[in-house]
Chemist: 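First, the structure itself, so that you have it in front of you.
Just so you know, ligand 1 is whichever comes first in the structure, and atom 1 is the first atom listed for that ligand.
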Amino acid sequence: MKVNGIHYRSIWYDHELSKVKIIDQRWLPHDFKIAELETLQSFATAIRDMWVRGAPLIGATAAYGIAVALRTDASNHSLKLAYDTLIETRPTAINLRWSLDRMQKELAEVPEGQRPVVALEAAHRIADEDVEINKNIGEFGLKIIKKLAESKKQGEPVRLLTHCNAGWPATVDWGTATSPMYHAHNENIPIHVWVDETRPRNQGGMTAWELQSHGISNTYITDNAGGHLMQKGLVDMVIVGTDRTTAQGDVCNKIGTYLKALAAYDNKVPFYVALPSPTIDWRINDGLKDIPIEERPEKEVTHILGRDAKKDIAEIQVTSEGVSGGNPAFDVTPNRLVTGLITERGISEASKIALAEMFPEKAGATNND
Ligand code: MRU
C-alpha cells in the first residue's frame, strides 16, 4: 500500500544492498521509519518488541530471519539455533511456527553451500504468497460488503467495525480485515469504518492512519464504544483479523475481540473473521484450552505513547506511581459467536466440518507446515 505516494510492503528485500528492510512499527502512526535487520538477534528483537507485528508479518519476518542467519553459518546447528531463537519470540500467533516449520522442512535436505540462496528464495515465496492470500480474502470479503450495500440508499455507507490492526502493516501487504475495505473502496462502494483504539498499544491508531492515507472514511473510537454503536443500529458488520484459529473455528485475536463478538451476537450484527490459512492451527480444537495467551509487560498498560503539545513523540504515565498493570494480549472468541471465516478460498462457517471441506489437504494435520 502507498505511503506519501510510494508503494511499500511492510517487509522487503533490498536487492542492491542485500538487506532486509522493515517499517519500524514502534513509531506508527506518529512517525514513518524504516529499519534494517541484519542479524538473527535483530530479527528476534524486532518480533519480540513489536517493531513488526501482526500474525502474517511475524511469519514472513521469521522466514527472512532464518535466511539471514544461514548467510553466516548454513550448518544444521545454525538452522536449529535460528529456529529455536525465533520460536521463543511471541507465543500466540501461529504463523510464526507455520513459517519456521516450512523453512526448516524446505531446507532440511539442501546442501549447506546452497542453503543461503534457497532460504532467501523460500522467504520471498512466503512473503509473496501472503500478498496473494490477502488479496483473495479481500475479494471474498467484498462480496459480503456488496450484499450489505444492496440494502442501503444510494450513497449511504456500509458501516464496518474493526478491532486492532489487521491492516497492511500487520501483513506483507493488503491486510486481512482491511483488504475487503480496500476492495470496496476501489469499486466505489461507500463504506465507513469504526476503528477501535485497541488499548493498551493502540493498534487502532495504525488502522485509522492507513485508512485515512487511502481516503477511506473512518472514526477512531474507544474500545468500549462498539456495543453502544451496535445497539443504536450503527454497525452493519464487524470484521477482525486473527492470530490463531483452531481446526473447529475458535478465533484467537487481540484482547477485546471477544467482547465485540458478544455485543455483535446480542445485536444480530454479523461478525466475520478474515482468516489466511497459515493462521489455522490444525493441531488443536478448543481455543480456550489450547492457545497460549501472551502476557506482555505491564508498562504497556500504565504508560502510553503519543505526541505532546509541542508535537514531540512522548511517553506518559496514565496511572499513579506504583499501580500494577495486567496485560493479556489476546483472547479467544468461541466459534458459536462467529458468523463466518473469510479465507483465501472462500467464506467458511466456523466449524470443523466446514474448515475441513475448505482445506481438505490440511484437515487432520498434526503439524503446521
Ligand atoms: O499484538 P499484535 O499487534 O501483533 O496483534 C495483532 C492482531 O491481533 C491482529 O488482529 C492479528 O494478528 C491479525 S493481523 C492480519
Chemist: Is the ring pair Tyr13/Tyr64 parallel, tilted or perpendicular, if the boundaries are 30 and 60 degrees?
Modeler: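 Parallel: the ring planes of Tyr13 and Tyr64 meet at under 30°.
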Chemist: Out of Asn95, Asn253, Asp331, indicate the one that has the non-hydrogen atom closest to atom 9 (C) of ligand 1.
Modeler: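 The option holding the nearest heavy atom is Asn253.
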Chemist: To the nearest 0.1 Å, how far is atom 3 (O) of ligand 1 from its closest protein heavy atom, and which atom is that?
Modeler: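 Result: Arg53 NE, 2.6 Å.
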Chemist: Have a look at ligand 1 and work out which part of Ala274, if any, has a heavy atom under 4.0 Å from it: side chain, backbone, both or neither.
Modeler: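 None of Ala274 does.
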Chemist: Any ion pair linking Glu315 and Lys299 (charged N to carboxylate O, less than 4.0 Å)?
Modeler: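 Yes, Lys299 and Glu315 are salt-bridged.
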Chemist: Pick, from His163, Lys254, Gln25, the option with the minimum heavy-atom distance to atom 1 (O) of ligand 1.
Modeler: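 Answer by nearest heavy atom: Lys254.
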Chemist: Using 4.0 Å as the upper bound for N to carboxylate O, is an ion pair formed by Glu106 and Arg102?
Modeler: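 Salt bridge: yes.
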Chemist: Quick one: look at Thr171 and ligand 1, take heavy-atom pairs under 4.0 Å, and tell me if it's side chain, backbone, both or neither.
Modeler: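 For Thr171, only side-chain atoms sit under 4.0 Å from ligand 1.
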Chemist: Can a non-hydrogen atom of Gly175 be found less than 4.0 Å from any atom of ligand 1?
Modeler: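 Per 4.0 Å heavy-atom rule, Gly175 does not contact ligand 1.
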Chemist: Pull out every atom of ligand 1 sitting under 4.0 Å from any heavy atom of Arg90, numbered as shown with elements.
Modeler: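 Listed by number with element: 1 (O), 2 (P), 4 (O).
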Chemist: Quick check on Arg296 - does any of its heavy atoms sit under 4.0 Å from an atom of ligand 1?
Modeler: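 The answer is no, since Arg296 has no heavy atom less than 4.0 Å from ligand 1.
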Chemist: I'd like to know whether OH of Tyr258 has more than 12 heavy-atom contacts from other residues, nucleotides or ligands below 6.0 angstrom.
Modeler: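 Open: at most 12 neighbouring heavy atoms sit under 6.0 Å from OH of Tyr258.
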Chemist: So for ligand 1, is Gly54 a polar contact partner (N or O within less than 3.5 Å, distance only)?
Modeler: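 N/O-N/O distance below 3.5 Å exists for this pair.
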Chemist: So, are Asp49 and Arg26 salt-bridged, with charged N and O less than 4.0 Å apart?
Modeler: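 Answer for the salt bridge query: no.
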Chemist: Does Glu150 pair with Lys146 as a salt bridge, N-O distance under 4.0 Å?
Modeler: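 No.
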Chemist: Between Asp236 and Lys152, does any NZ, NE, NH1 or NH2 come within less than 4.0 Å of an OD or OE carboxylate oxygen?
Modeler: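 So Lys152 pairs with Asp236 through a salt bridge.
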Chemist: Using a 4.0 Å heavy-atom cut-off, which part of Arg201 comes near ligand 1: side chain, backbone, both, or neither?
Modeler: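 The answer is neither; Arg201 stays 4.0 Å or more away.
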Chemist: So between Val273, Thr257, Thr198, Asp243, whose heavy atom ends up nearest atom 7 (C) of ligand 1?
Modeler: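 That would be Asp243.
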Chemist: Just jot down the ligand 1 atoms closer than 4.0 angstrom to any heavy atom of Gln203, in number order.
Modeler: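 Here the atoms of ligand 1 in question are 1 (O), 2 (P), 3 (O).
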Chemist: Counting non-hydrogen protein atoms only, what is the nearest one to atom 15 (C) of ligand 1? Give residue, atom name and distance.
Modeler: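 Result for atom 15 (C) of ligand 1: Thr176 OG1, 3.1 Å.
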Chemist: Run the numbers for me: atoms of ligand 1, each under 4.0 Å from some heavy atom of Met50, listed by number.
Modeler: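 So the answer, numbered in order with elements, is 1 (O), 2 (P), 3 (O).
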Chemist: Looking at Asp312 and Lys310, does any basic side-chain N land under 4.0 Å from a carboxylate oxygen?
Modeler: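 Not counted as a salt bridge, because no side-chain N and carboxylate O are separated by less than 4.0 Å.
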Chemist: Going by the closest heavy atom to atom 6 (C) of ligand 1, which one wins out of Cys164, Pro276, Ala55?
Modeler: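 Among Cys164, Pro276, Ala55, the closest heavy atom to atom 6 (C) of ligand 1 belongs to Cys164.
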Chemist: Note the single closest protein heavy atom to atom 14 (S) of ligand 1, along with its residue, its atom name and the distance in Å.
Modeler: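 Of every protein heavy atom, Ala170 CB, 3.6 Å lies nearest to atom 14 (S) of ligand 1.
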Chemist: Between Lys105 and Asp101, does any NZ, NE, NH1 or NH2 come within less than 4.0 Å of an OD or OE carboxylate oxygen?
Modeler: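 No, this pair does not count.
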Chemist: For a quick check under 3.5 Å, do Thr207 and Asn165 share a side-chain donor-acceptor pair by atom type?
Modeler: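 Side-chain D/A pair, Thr207 to Asn165: present.
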